[in-house]
Enquirer: 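Shown below is the structure under consideration.
What you see is a predicted model, and the numbers here were worked out from it, not measured in a lab. Proteins come first, then strands; the chains are lettered A, B, ... in the order of their sequence lines, and each starts at number 1. Below, each value reflects all heavy atoms present in this structure, side chains not excepted, and no hydrogens, waters or symmetry copies.
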Amino acid sequence: MQLVSACTKTLLDSRGKAAAMEKFSISILLIISLLPFLCSSFSQESPTDRRILVLLDDFSLKSSHSIFFSSLKSRGFDLDFKLADDPKLALQRYGQYLYDGLVLFSPSVERFGVALDLAAVLDFVDSGHDLIVAADASASDLIKSIATECGVDFDEDPSALVIDHKTFAVSEIEGDHTLIAADDFIQSDVILGKTKIEAPVLFKGIAHSINGANGLALKVLSASPSAYSANPSSKLSSPPSLTGSTISLVSVMQARNNARIMITGSLDMFSNRCFRSGVQNAESAIKYDKSGNEQFVAELTKWIFHERGHLKAVNVRHHKLGETDEPAMYRIKDDLEFYVEIYEWSGKSWEPYVANDAQVQFYMMSPYVLKTLSTDQKGLYHTTFKVPDVYGVFQFKVEYERLGYTSLSLSKQIPVRPFRHNEYERFITTAFPYYGASFATMAGFFIFSFVYLYNK
Amino acid sequence: MARSTSKDAQALFNSLRSAYSATPTSFKIIDLYVGFAVFTALIQVVYMAIVGSFPFNSFLSGVLSCVGTAVLAVCLRIQVNKENKEFKDLPPERAFADFVLCNLVLHLVIMNFLG
């Protein structure tokens, strides 16, 4: 707006008013035509999130976690820092979401600002957006209930921390074994990247477990079998409820609409202190100069914000063997070819997805044909099969769900008709006796009538 | 008891045979023709029981041609027999002409239905 007014001022001063009005309207038109390029947001063509809202308890987190935030910014995200109880907080305006991702680094918040509450956060996730929740020893009920809605249960005891007397991180300051060095990662190249994380990850915080009935949540970093969740400053009166590898330190959940959620019990895991410090595992006594926190957090946030592991399947085509255009209907026992293209988002562009376990079903109430698709390594998957001997309305179904990847679910309907009466074989071999009997009867009748007439 | 029943059966069979040999030759020819048609129909039914009824229309067509022509031959025999009071005034040529015409129609239908 200031640019426009400066332009008009110079124009009006230098020339006469008439010519200036012309130049003014042309410049307005030029500026308006550039406006579409100013909108750069999450869209189907580019699934990586762009605008992230970061909610903090206090702004000192901006400096104590500065390495994490600056790495996010360098990957192209627009971070918007706000206090969690800021009254002007809003996730959406006029029905449109203002952000593509939400990072909750505010474990002790009791109530969010006016426009945000548990239901609003859950609606945000239900509309396909991503979420990172980091809890702490001071986690409030609100944060714990957000986690429960996502399928993860934090320990109910508010003073319990994860303690491990065998795989704790050796440190000069803290001797109560609450800072643990965890290296029990999930085996998945999609979620944690191809490079193996050598050094263990430093963790100090509360424990959570995954609800057994939930099939969508995964443990990305589990505690070792010797860990348990208890109050470090008081004696244990009864055995702890959460022990061993059921304790999850970092969990992720991929919802059915492909929204990704990360829940962890330690805000310190993201801090500069943990990123920079070295790690020595008390049990194995190997000393690493740098903990695995920075690599772990960077790779996991790449997965969470859809820079990796996001698939799309496009261009479903099918045709009869030998032809090229798609028919509106098939006949039973036809041979047909089926094509689909599957691409994976690499963070910047769509790359061909290469796998040997994608399958297509020819489905009517149950799959009559199930074939594994073969790929040409450039993203095109195809197969050939014979239409079964049943007529009806079928669907080509591609249902693909793999650990860490978005789920693909495509279906295309196609009717299948039976033979027309002139498409059967002309003479059916099993019916030859009947043909023979009819002709024999005709011959018999002919001979009989001769014999009967000329019989004296 | 058994011996008397078997003797009775034999006596019955012999009396039937002697009565039958008294019928005129033309009737015996018709009876032979009916027997041939029914036999062909039975063979087809046994074949269908073994193989299954896949081209059902062909099966029906084959069996119907045999059964139909047997029925028409029986009608011919009834109409030609002088001892039947019902058909006293019917000339036997007319009966034979009916027989031929009906058989022609029957075989036309069979050929169409055979597939």
Enquirer: Please determine whether the number of non-hydrogen atoms from other residues, nucleotides or ligands lying under 6.0 Å from atom CE of A:Met329 exceeds 12.
Expert: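 Count over threshold, so yes.
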
Enquirer: Roughly how far, to the nearest 0.5 Å, is the CZ atom of A:Phe448 from the OG1 atom of B:Thr69?
Expert: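 Answer for the OG1-CZ pair, B:Thr69 versus A:Phe448, is 8.0 Å.
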
Enquirer: Let's test your reading of the structure: which of B:Thr40, B:Leu114, B:Leu72 forms the most heavy-atom pairs below 4.5 Å with chain A?
Expert: B:Leu114

Enquirer: Heavy-atom count around B:Phe27 CZ within 6.0 Å, excluding the residue itself: above 12?
Expert: yes

Enquirer: Give the interface residues of residues 92-111 of chain B toward chain A, defined by a heavy-atom separation under 4.5 Å.
Expert: B:Phe96, B:Phe99, B:Val100, B:Asn103, B:His107, B:Ile110, B:Met111

Enquirer: Using the side-chain contact (heavy atoms from CB on, under 4.5 Å) criterion, which residues pair with A:Lys397? Sequence neighbours excluded.
Expert: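 With sequence neighbours excluded, A:Lys397 shows a side-chain contact (heavy atoms from CB on, under 4.5 Å) to A:Gln361, A:Tyr363, A:Gln395, A:Glu399, A:Ser411, given in chain and number order.
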
Enquirer: Evaluate whether atom CZ of A:Phe385 has more than 12 neighbouring non-hydrogen atoms of other residues, nucleotides or ligands under 6.0 angstrom away.
Expert: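 It does: A:Phe385 CZ has more than 12 such atoms within range.
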
Enquirer: Rounded to the nearest 0.5 Å, what separation is found between the CD1 atom of B:Ile29 and the CG atom of A:Asn455?
Expert: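 Output value for this atom pair is 4.0 Å.
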
Enquirer: So which part of B:Ser26 gets closer than 4.5 Å to some heavy atom of chain A, the side chain, the backbone, both or neither?
Expert: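 Both parts, heavy atoms under 4.5 Å.
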
Enquirer: Please tabulate, for the side chains in residues 316-324 of chain A, all donor-acceptor contacts under 3.5 angstrom to protein atoms that are two or more places apart in sequence or on a different chain.
Expert:
unit_1   : atom_1 : unit_2   : atom_2 : d
A:His318 : ND1    : A:Tyr330 : OH     : 2.9
A:His319 : ND1    : A:Glu323 : O      : 2.8

Enquirer: Which bit of B:Phe36 comes within less than 4.5 Å of chain A, counting heavy atoms only: side chain, backbone, both or neither?
Expert: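 The side chain, not the backbone.
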
Enquirer: Find the one option among B:Ala41, B:Ser65, B:Gly62 whose heavy-atom pairs under 4.5 Å with chain A are most numerous.
Expert: B:Ser65

Enquirer: Which of residues 418-446 of chain A have a heavy atom under 4.5 Å from any heavy atom of chain B?
Expert: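 Listed by number: A:Arg426, A:Ile428, A:Thr430, A:Ala431, A:Pro433, A:Tyr434, A:Tyr435, A:Ala437, A:Ser438, A:Phe439, A:Ala440, A:Thr441, A:Met442, A:Gly444, A:Phe445.
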
